[in-house]
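The structure appears right after this line, and notes come after that.
Side chains included, hydrogens not; waters and symmetry mates left out as well; all remaining heavy atoms used. Numbering of ligands and ligand atoms starts at 1, following listing order. Because the structure is predicted, anything quoted here is derived from the model rather than measured.
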Amino acid sequence: AFEMQGRFVADASHEMRTPLATMRTNLEVIQQDPNATLFDYTEMSVTLIRTVDRLERLSNDLLLLARGELEVHKALVNIEPLLTEVIQNLMPLAKDYHVTINLNVYEETNVLADARLLGLAFGNLIDNGIRYNRSGGSVMITVSDVDHGVTIHIQDTGEGVPSEELPRIFDRFYRVEKSRARNRGGAGLGLAICEHIIKLHGGHIKVSSTVGEGSNFIVWLPSIVSTSFDPNLTGS
Ligand code: ADP
C-alpha cells in the first residue's frame, strides 16, 4: 500500500508538470518581450485559462480518488432524471464533436446512491463516449432492469480500444495512446474514478470494445424496487 501511494503521488506530480511548465513558459516569454501588446496578453490569457482548467480538473480528480469512502451521501435516486441532467450538461460538447446522444429507459428504476457522485461517474463515461467518437457518431444510453439491479449501457460508435489494452483502462493514469490524451487533455483518471464510485455503490462496471466500431460500457447497480421501498425511511 505504501509503494502504491508513492506511485500515485509520483504520477500525480508528473501530470502537473506539463501544465505548470506551459504556464511558466508563456508568462516568461511575454514578460521578456518589451513590445508585447494588449492583444498578445489577451491571447496568452486564453492559453493560461485552458491550462488552469486542466489543473483544476486534475486536482478535483485526485481529491476524489484520495478521499476514498468519505462523504458519500446516499438517498433515493431515480436514474432517468439523473441521466437526463448529465446529458443536458454534455449537449454543448456533443454538438462540438457532432455526436448525437440517445437515452432509452425501459424501466423506471431507483437506486440508493449519492446523486452527485453517480452523476460524475456517468458524466465521465458519456464524456468519453463523445470525445473518443467520430464526427456523425452517436452515444446510446440504455437503462434496463435485471434481477435485483439496474443495468446502464453506454455504447458509442467511436474508435474503440484494442483488446490487449482493455484490461488496463480502469487503472489510474492509464491512457490508450498518448496522442488521444493530448487532444482531450485527460490524465487517465476518468475511468478509475468511475469504477471507484460504482464500487462505493455496491455495483460493478465492465467494458467490451471493437477497434473501429466502438465501445460498450456496462454499469450494474443494485436497485430498489419502488413498490417495496418507503422513501420516508431514507431520512434525507
Ligand atoms: P482520460 O481522462 O485520459 O480520457 P480515462 O480514464 O477516462 O482517461 O480513459 C482511459 C483511456 O481509455 C483513455 O486514454 C482512452 O483512450 C480510453 N477510452 C476511455 N473511454 C473510451 C471510449 N469510450 N472509447 C475509446 N477509448 C476510450
Review point. Which bit of A187 is near ligand 1, meaning a heavy atom under 4.0 Å away: side chain, backbone, both or neither?
Key: backbone
Point to revise | T157 versus R134, closest heavy-atom pair with distance | key: O-NE, 3.4 Å
Review point. Non-hydrogen atoms of G158 versus ligand 1: any pair closer than 4.0 Å?
Key: no
Exercise for review: Return the option from C194, G190, G160, G188 holding the heavy atom at the smallest distance from atom 3 (O) of ligand 1.
Suggested key: G188
Point to revise | Atom pair CG/CG of D127 and L93 - distance to nearest 0.5 Å | key: 5.5 Å
Review point. Are the side chains of V29 and D33 in touch, meaning some heavy atoms are under 4.5 Å apart?
Key: no
Exercise for review: Please say whether A192 places an N or O atom under 3.5 Å from an N or O atom belonging to ligand 1.
Suggested key: no
Revision key, fill the gap. Residues pairing under salt bridge (charged side-chain N to carboxylate O under 4.0 Å, His left out) where one sits in residues 8-18, two or more places apart or in two chains, turn out to be R7-D11, E15-R175
Practice item. Find all atoms of ligand 1 within a distance of less than 4.0 Å from any non-hydrogen atom belonging to L189, and give their numbers and elements. Key: 6 (O), 8 (O)
Practice item. Could you pull out, from L58, D156, T157, the option with a heavy atom nearest to atom 23 (N) of ligand 1? Key: D156
Check your understanding: Y41: what forms a ring pair (Phe, Tyr, Trp, His ring centres under 6.0 Å) with it, not counting sequence neighbours?
Key -> none
Point to revise | Minimum heavy-atom distance Q155-N216, with the two atoms named | key: CB-OD1, 3.8 Å
Review point. Backbone, side chain, both or neither: what part of V161 comes under 4.0 angstrom of ligand 1, heavy atoms only?
Key: side chain
Check your understanding: Are any of the N or O atoms of N128 closer than 3.5 Å to those of ligand 1?
Key -> yes
Check your understanding: Would you say R175 and ligand 1 have an N/O pair spaced under 3.5 Å apart?
Key -> no
Point to revise | Under 4.0 Å to a heavy atom of Y174 - the qualifying atoms of ligand 1, by number | key: 10 (C), 11 (C)
Practice item. Work out whether the distance between some heavy atom of N124 and some atom of ligand 1 is less than 4.0 Å. Key: no
Review point. Shared ILVMFWY cluster between L82 and L90, side chains joined below 4.5 angstrom?
Key: yes
Revision key, fill the gap. For F217, the ligand 1 atoms with a heavy-atom partner under 4.0 Å come out as 20 (N), 23 (N)
Review point. Would you call F170 a ligand 1 contact, heavy-atom distance under 4.0 Å?
Key: no
Check your understanding: When you look at L58 and L189, which way does the side-chain contact (heavy atoms from CB on, under 4.5 Å) test go after all the steps?
Key -> CA-CA 8 Å; L58 180 64; L189 289 172; 3.8 Å; yes
Review point. At a 4.0 Å threshold, what atoms of ligand 1 neighbour a non-hydrogen atom of I169?
Key: 10 (C), 12 (O)
Exercise for review: Kindly assign one of parallel, tilted or perpendicular to the pair H204 and W220, based on the angle between their ring planes and the thresholds 30° and 60°.
Suggested key: parallel
